[in-house]
Amino acid sequence: MRKKSVAVLDIRSSEITAAVGERGVNNTFIIKSKYTCAYDGYAEGELIDENSFINAVKDAVRSTASSAGGIKSFYVGVPGEFTKIVVDGKVMSFKSSKKVTRAECDYLAGMSAPQDTDEYQTIRHSCLYYVLSDKRKIIDPVGEVSDSLQGKFSFYRCKNSFINVLLKAFKGFKDITEINLIPTVYAEAVYLVEPEQRDEYAVLFDLGYISSSYSVICGNGLAYSESFSVGIGHIAVYLMTELEIPFDVAVAYLSLVNLNAKETLGSIEEYIYEGKTYKFSTVLLRDKIREGLDGICETIEVCRQSFTGKNLDGKTINITGEGVKSIRGTAEHLSNRLVKNVEIIAPKVPYYDKPHFSSLLSLLNTALDDAGSTHFFKK
């Protein structure tokens, strides 16, 4: 594999995608190889079935490696369910005013870093902002003149249990000698949200299939992030239970119903599955789906109130993830229920400009920017 290419593994809550890509023109990507496979997923901070996960990782990596060739390292996205965010900072003083160096920024981050434990280890850090002696907040202080430097940092800590299972999955790939871990919530934040929006705090909600994440972004880091085991798949389960229909039929109805369509009494949605015809009132289906989405709204509101570092009342909720387009009208319903501006956000890349690809392209972007920096070695 050429040096300008990177291999990434995107672990979502219902499927895993491995891809090899490189930079194209105008910040686009050239995907040289890509493979996706389904698995049992994760919930409540645990893999539902470790063997299902290991087999899916092996299938995705093997298929991608055989297509691209020469892969020696992989960047793996760590889902929010296995990530813990710790925000901390320190202040250092100089004998006199001087130009701040990168080494001093790194030293300040090291002073602020939490200790690894049996349960978690830090896999990456980023800076929310720095403060100079003249009280200016700044994202990059290198070259600025100051007699002190204060830094506020995000430390992304990964569950050791997740790392251990991941290493088992990669154990059979002798040619792959290095694994770098990237917090997916961080990668999405810095890739999908524009810097000027991040500087003033921004909100990003990733609506997944089994798991979703709510994050507050500041500068080049996350000031807050919470993942919870609720997603579009749970709404399908709710439909299945309420209407006593097979799960596959419930999933199909999610894509058939448009929450924004004009209500028409007597309208029927029909679906044929395994030779049997299912018919339900369109109004009934919309009501049930809205009830499911209302549960997600409640969780978003709990997260919003849990973050006390900044008043977010007027902030737009940027929404992404595979769940966004699964039900037509999702963003509008969330906006009405939360009484907030909700905006769908996705990569600005032809063909991949869909929320479903947000995490994959975010990981590719971070990995390409990060080439040469190792955060975890395969043993």
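Note that the coordinates shown come from a computational prediction; the quantities given were computed from them, not determined experimentally.
In this structure, a donor-acceptor pair under 3.5 Å is present between the side chains of D294 and H333. Using modelled atom types, one finds no donor on one side chain facing an acceptor on the other under 3.5 Å when comparing K340 with S335. For the residue pair S359 / D10, a side-chain donor-acceptor distance below 3.5 Å is found, with atom types taken as modelled. Side-chain polar atoms of N160 and E119 form no donor-acceptor pair below 3.5 angstrom. No hydrogens or angles considered: a donor-acceptor pair under 3.5 Å links the side chains of T316 and N341. Side-chain N/O atoms of Y238 and E291 include a donor and acceptor closer than 3.5 Å. One side chain, S211 or E81, offers a donor N or O that lies under 3.5 Å from an acceptor on the other. Side-chain contact, Y156 with S126: a donor N or O sits under 3.5 Å from an acceptor N or O. Under the 3.5 Å distance criterion, with hydrogens and angles disregarded, no donor-acceptor pair is assigned to the side chains of N55 and Y39. In this structure, a donor-acceptor pair under 3.5 Å is present between the side chains of N365 and R23. Using modelled atom types, one finds a donor on one side chain and an acceptor on the other under 3.5 Å when comparing N220 with R198. If you check the side chains of S146 and S133, you find a donor sitting under 3.5 Å from an acceptor.
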**Report entry** Verdict with reasoning, E322 to R12, per salt bridge (charged side-chain N to carboxylate O under 4.0 Å, His left out)
**Finding:** CA-CA 9 Å; E322 65 268 29; R12 301 294 295 178; 2.5 Å; yes

Requested in this report: Show the numbers, then the answer: is there a side chain to side chain donor-acceptor pair (under 3.5 Å) between E22 and S5?
Outcome: CA-CA 5 Å; E22 60 185 48; S5 297; 2.9 Å; yes

Requested in this report: Kindly determine whether E343 and I317 satisfy side-chain contact (heavy atoms from CB on, under 4.5 Å), including the steps that lead there.
Outcome: CA-CA 6 Å; E343 181 177 330; I317 299 177; over 6 Å; no

Query raised in the report: Under the side-chain contact (heavy atoms from CB on, under 4.5 Å) criterion, do L243 and L285 qualify, and how do the steps go?
Result: CA-CA 9 Å; L243 304 179; L285 289 170; 3.6 Å; yes

Query - Worked check of side-chain contact (heavy atoms from CB on, under 4.5 Å) between V203 and F307 - result: CA-CA 11 Å; V203 176; F307 177 70; over 6 Å; no

Requested in this report: Please lay out, stage by stage, how V131 and Y129 fare under the test side-chain contact (heavy atoms from CB on, under 4.5 Å).
Outcome: CA-CA 7 Å; V131 181; Y129 56 81; 3.9 Å; yes

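From L9, atom CG reaches atom OG1 of T184 across 9.5 Å, with rounding to the nearest 0.5 Å. Taken to the nearest 0.5 Å, the CG atom of L222 stands 7.5 Å off from the CG atom of L128. A distance of 9.0 Å separates OG1 in T366 from CG in L364, rounded to the nearest 0.5 Å. Between S93 atom OG and L149 atom CG the span is 9.5 Å, to the nearest 0.5 Å. Atoms CZ and CG, on R328 and N258 in that order, are 4.5 Å from each other to the nearest 0.5 Å. The distance from atom CG of L334 to atom CD1 of I319, rounded to the nearest 0.5 Å, is 5.0 Å.
Hydrophobic clustering keeps Y209 apart from L360 (ILVMFWY residues linked when any side-chain heavy atoms are closer than 4.5 Å, directly or through intermediates). The hydrophobic clustering, which links ILVMFWY residues whose side-chain heavy atoms are closer than 4.5 Å, places L312 and F228 together. There is no path of hydrophobic side-chain contacts, each under 4.5 Å, that joins V230 to V237. There is a path of hydrophobic side-chain contacts, each under 4.5 Å, that joins I296 to L338. Both I232 and V249 are assigned to one and the same hydrophobic cluster, defined by single-linkage of ILVMFWY side chains at heavy-atom distances under 4.5 Å.
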Atom pairs and distances, donor-acceptor, side-chain atoms in residues 83-90, under 3.5 Å, two or more places apart:
from, atom 1, to, atom 2, distance (Å)
T83, OG1, P79, O, 2.9

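Classification of the Y278-Y273 ring pair by plane angle, with boundaries at 30° and 60°, yields tilted. Using cut-offs of 30° and 60° on the angle between ring planes, the pair Y224 and Y214 is perpendicular.
A 6.0 Å sphere centred on CD of Q115 holds no more than 12 heavy atoms belonging to other residues, nucleotides or ligands. Heavy-atom neighbours of K354 NZ from other residues, nucleotides or ligands within 6.0 Å: above the threshold of 12. For N27, the CG atom counts as loosely surrounded, since its 6.0 Å shell holds 12 or fewer non-hydrogen atoms of other residues, nucleotides or ligands.
Listed by first then second residue, pairs satisfying salt bridge (charged side-chain N to carboxylate O under 4.0 Å, His left out) with a partner in residues 356-365 number zero, not counting sequence neighbours. Residue pairs meeting the salt bridge (charged side-chain N to carboxylate O under 4.0 Å, His left out) criterion with at least one member in residues 223-245, sequence neighbours excluded, are E242-K288. Sorted by first then second residue, the salt bridge (charged side-chain N to carboxylate O under 4.0 Å, His left out) pairs that include residues 296-306, not counting sequence neighbours, are E301-R304, R304-D313. Contacts classified as salt bridge (charged side-chain N to carboxylate O under 4.0 Å, His left out) and involving residues 127-141 (residues at least two apart or in different chains) are given here: R102-D140, D134-R136, R136-E144.
Summarising the geometry of G80 relative to V185, their closest heavy-atom pair is CA-CG1, 4.3 Å, with the distance given to 0.1 Å. Of all non-hydrogen atoms in A223 and Y201, the two that sit nearest each other are CB-CE2, 4.2 Å. The shortest non-hydrogen separation linking D116 to Q121 is OD1-CA, 3.3 Å. Across every non-hydrogen atom of P355 and I344, the tightest pair is CG-CG2, 3.7 Å. The minimum heavy-atom distance between T330 and I327, with the atom names listed, is OG1-O, 2.7 Å. The two residues K315 and E200 have their closest heavy-atom pair at NZ-O, 2.6 Å.
Salt bridge absent: R286 and E269 never bring a charged side-chain N and a carboxylate O closer than 4.0 Å.
In this structure, the ring of F29 has its center no less than 6.0 angstrom from the ring center of Y352. Aromatic ring centres of Y271 and F280: separated by at least 6.0 Å.
Here the side chain of N26 pairs no donor or acceptor atom with the backbone of T28 at under 3.5 angstrom. Using modelled atom types, no side-chain atom of S52 and backbone atom of I48 make a donor-acceptor pair closer than 3.5 Å. Counting only distance, with no hydrogens or angles, the side chain of S281 and the backbone of V283 share a donor-acceptor pair below 3.5 Å. No side-chain donor-acceptor contact under 3.5 Å links H356 to the backbone of K325. The main-chain N or O of G221 is never found under 3.5 Å from a side-chain atom of S154 such that the two would form a donor-acceptor pair.
Stacking of K98 on the aromatic ring of F94 is recorded, both the 6.0 Å distance cut-off and the 45° axial limit being met.
Within the 4.5 Å cutoff, the side chain of R157 has heavy atoms near those of the P114 side chain.
The salt bridge (Lys or Arg N to Asp or Glu O under 4.0 Å) test applied to D59 returns R62, not counting sequence neighbours.
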